[in-house]
Structures are given as structure tokens and as C-alpha cells.
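Working notes, beginning with the structure itself.
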Amino acid sequence: MKRDVAESILALVFEYGGKLNDSMLTVRESSDEEEFGHYRRAVGNVLASAFENIIDPIFAEHPDLKPDQLNLEKTE
């Protein structure tokens with residue numbers, strides 16, 4: 001994937017991921033715990049799929065695009 005396309009896709013996926021996270025606040029405030037739990041799991045599945053199928057492959061091809069906050073390795 002071309003770098004400019006990868007950057008654009010990452011920006012969109014992270015934007016939509018943020019919106020999905022924000023939507024959980026709305027659902028939490030307007031639903032019971034069971035309904036919120038189902039919604040939270042569904043959002044988690046969507047985000048996990050986005051990472052596995054879109055984000056991680058882009059980072060594999062363009063590792064320099066990976067934000068520092070996503071690097072979980074310890075730096076000591």
C-alpha cells in the first residue's frame with residue numbers, strides 16, 4: 001500500500017475508533033448494564049478486527065507510522 005494511502009486509512013480508522021469509543025458513553029448512560037455489556041463487547045470486536053485486519057498490516061508495511069503510544073515494549 002502506498003504510504004499516503006496508508007496514512008489516510010489510519011487516520012480514518014482511528015477517527016472512527018474514537019467515535020465508537022465515544023458512542024459507548026452514550027450507551028452506558030442510557031442502557032442497563034446487560035445492554036451496555038453487549039454493546040461494549042460488540043465495539044471491542046469491531047476494534048479488534050480493525051487492528052488485526054487493517055491497522056497491524058499497515059504497521060507491518062510502514063512501521064514508522066505506528067504511534068509511540070501503541071508501542072507496548074518496555075524501554076529501559
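The hydrophobic cluster containing Y16 also includes L12, under a criterion of side-chain heavy atoms closer than 4.5 Å among ILVMFWY residues, counted directly or through chains of members.
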Name each donor-acceptor pair under 3.5 Å that joins a side chain in residues 17-25 to protein atoms two or more places apart or in another chain, with its distance.
unit_1	atom_1	unit_2	atom_2	d
K19	NZ	E15	OE2	3.2
S23	OG	L20	O	2.6
S23	OG	Y39	OH	2.6

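Of the possible donor and acceptor atoms, one in the side chain of H62 sits under 3.5 Å from a partner among the backbone N and O of M1.
Contact annotation: the side chain of V27 never approaches that of H38 to less than 4.5 Å [non-hydrogen atoms, C-beta and beyond].
With rounding to the nearest 0.5 angstrom, the CG atom of L65 is 12.0 Å from the CD1 atom of I55.
Checking each of I58, I54, V5 against L10 for a side-chain contact (heavy atoms from CB on, under 4.5 Å) leaves exactly one that passes, namely I58.
Looking at residues two or more places apart in sequence or on another chain, you find a side chain to side chain donor-acceptor pair (under 3.5 Å) between E35 and S31.
Residues F51 and P57 come closest through the heavy atom pair O-CD, 3.9 Å.
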